[in-house]
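Working notes, beginning with the structure itself.
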Amino acid sequence: MTKRPLRLRRSVLYVPASNEKAVAKTVSLPCDAVIYDLEDAVAPAAKEEARERLRDHFKANPESRCERVIRINSLSSAFGPEDFLAARACKPDAILIPKVDMPRDIADVADMLAETDAADAIRLWAMMETPKAFLNVGQIAEWGETPGSRLDCLVAGTNDLAKDLRLPGRDHAVLMPLMADLVLSARAFGLDVLDGVFNAFRDDDGFRSECGRSVAMGFDGKTLIHPGQIAVANEIFGISEAREAEANAIVEAFERPENRDAGVIGLDGRMVERLHLEEARRTLALAALQQGG
Ligand code: COA
Ligand code: MG
């Protein structure tokens, strides 16, 4: 499995690139990543202006505390090729490809990036939001193992998926079996995976409970539509003090001379195996990133 650097992706905010105020605001928001959107959130008549805004924004802000991603229109659409050129010129951390149906949709963008970005600096994220994406989810994630694939993160697009599946309600809980497949495929090939958005951005209780379900399913973080959702996502997908303390206790227990060669030990009345040590080290590394950020 490809080893990827550990990154915090608890809170990943979409920002319509056409919204000048919102784009300017991103420099001070406490989210882990921003997705500047040129696709669904931007009306056709505003596409060119949105691309210009991103060029100006990245030029004025060459560095950023948070990860920066640009979502382009599909290369096969009328806007895709221009979006791609604008996104590439901004040198974001990643380009997010919408409506991926199969590995080829990612490979096409990777091939175009390879022409100018030999250092592989720009990663690729893939929107998983079509029925075909979910038929091919394992293949798509596995394709991330291909040298030069640049694939780093899968992003659930639950609004598009619900539309294409013709789900009558707005209750995305019915998508859970597909979301479980998505997490499974991401984990099988070492990719990060982000849950879809929660549309009712003033419903704090509903959002909190959806984040709880999402973290329990194994998602790394949640895509967001409003700055008011950042704090809750950071809290729920973050490492709590209690989890950090538990992880420290596990590491310390395995470091004791009598446990150094043990495969399994008892700690506070619970069985702890060496596999938990690996998990505890990851938890502590994430906690350190959280404190540094
Ligand atoms: N990113 C950055 N800033 C945002 C923001 C976002 N996603 N959403 C809202 N804001 C800002 C607004 O600009 C506003 O700033 P101001 O106080 O300086 O004027 C402030 O937060 C409060 O906004 P609010 O009035 O609560 O929301 P709204 O009614 O203006 O906007 C949405 C609601 C849903 C239209 C807006 O949040 C949005 O565009 N979200 C992203 C949508 C998107 O990208 N969808 C595609 C992927 S699903
Ligand atoms: Mg969409």
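No hydrogens, no waters, no symmetry mates; every other heavy atom, side chains included, goes into these values. In each ligand, atom 1 is the first atom listed, and ligand 1 is the first ligand listed. We count residues from 1, following the sequence as given.
Applying the 4.0 Å criterion to heavy atoms of Arg71 picks out, from ligand 1, the atoms 46 (C), 47 (C). For ligand 1, the atoms sitting less than 4.0 Å from at least one non-hydrogen atom of Leu13 are 1 (N), 7 (N), numbered in the order shown with element in parentheses.
Asp40 contributes OD2 as its N, O or S atom closest to the Mg ion (ligand 2). Closest approach between the Mg ion (ligand 2) and any N/O/S atom of Asp160 involves OD2.
Annotation: Tyr14 places an N or O atom under 3.5 Å from an N or O atom of ligand 1; distance criterion only. For Arg202, a nitrogen or oxygen atom sits less than 3.5 Å from a nitrogen or oxygen atom of ligand 1, counting backbone and side chain alike.
Closest to atom 38 (C) of ligand 1, if we only count protein heavy atoms, is Ile225 O, 3.8 Å. Nearest to atom 39 (O) of ligand 1 among the protein's heavy atoms is Pro16 CG, 3.4 Å. The closest protein non-hydrogen atom to atom 18 (O) of ligand 1 is Lys25 NZ, 3.2 Å. Among protein heavy atoms, atom 29 (O) of ligand 1 sits closest to Phe201 CZ, 4.3 Å. The protein heavy atom nearest to atom 19 (O) of ligand 1 is Lys21 NZ, 2.9 Å. Considering only non-hydrogen protein atoms, atom 26 (O) of ligand 1 sits nearest to His226 NE2, 2.7 Å. The closest protein non-hydrogen atom to atom 10 (N) of ligand 1 is Pro227 CD, 3.7 Å. The nearest heavy-atom contact from the protein to atom 43 (C) of ligand 1 is Ala41 CB, 3.7 Å.
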**Working for side-chain contact (heavy atoms from CB on, under 4.5 Å), residues Ser11 and Phe237** = CA-CA 8 Å; Ser11 51; Phe237 289 93; over 6 Å; no
**Request:** List the steps and the verdict of side-chain contact (heavy atoms from CB on, under 4.5 Å) for Leu8 and Gln290.
**Result:** CA-CA 7 Å; Leu8 277 180; Gln290 216 170 265; 4.2 Å; yes
**Prompt:** Where do Asp164 and Thr130 land on the side-chain hydrogen bond (donor to acceptor under 3.5 Å, both in side chains) test, with the steps shown first?
**Reply:** CA-CA 7 Å; Asp164 282 3; Thr130 66; 5.8 Å; no
**Request:** Would you please test Lys99 and Met127 for side-chain contact (heavy atoms from CB on, under 4.5 Å) and show each step?
**Result:** CA-CA 6 Å; Lys99 302 183 175 70; Met127 288 299 302; over 6 Å; no
**Prompt:** What's the verdict on salt bridge (Lys or Arg N to Asp or Glu O under 4.0 Å) for Glu49 and Arg53, showing C-alpha distance, side-chain angles and the deciding distance?
**Reply:** CA-CA 6 Å; Glu49 192 191 338; Arg53 174 154 306 108; 3.2 Å; yes
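In this structure, atom 45 (N) of ligand 1 has a protein heavy-atom contact shorter than 4.0 Å. For atom 1 (N) of ligand 1, a protein non-hydrogen atom is found at a distance below 4.0 Å. Distance screen at 4.0 Å: atom 24 (P) of ligand 1 has a protein heavy-atom neighbour inside the cut-off.
Using cut-offs of 30° and 60° for the angle between ring planes, the His57 and Tyr36 rings count as tilted.
Of all the heavy atoms in Leu154 and Ala186, the pair that sits closest is CD1-CB, 4.1 Å.
Comparing heavy-atom distances from atom 3 (N) of ligand 1 across Gly196, Ala24, Gly157, Ala22 singles out Ala22 as nearest.
Just one of Val155, Asn159, Leu224 meets the side-chain contact (heavy atoms from CB on, under 4.5 Å) condition when paired with Val197; it is Asn159. The side chain to side chain donor-acceptor pair (under 3.5 Å) with Arg9 is formed by just one residue from the set Asp152, Thr223, Asp220; it is Asp152.
When side chains are defined from C-beta on, Asp32 does not count as touching Cys66, because their heavy atoms never get closer than 4.5 Å.
Heavy atoms of Asp37 approach ligand 1 to within less than 4.0 angstrom.
Using a 4.0 Å cut-off between charged side-chain N and carboxylate O, Lys222 and Glu210 make a salt bridge.
When non-hydrogen atoms are compared, ligand 1 lies under 4.0 Å from neither the backbone nor the side chain of Gln229.
Although no hydrogens or angles enter the test, the distance criterion places a donor-acceptor pair under 3.5 Å between the side chain of Arg187 and the main chain of Leu191.
Using a cut-off of 2.8 Å, one finds that Glu39 contributes no N/O/S atom close to the Mg ion (ligand 2).
If you look at His276 and Phe254, their ring centroids are not closer than 6.0 Å.
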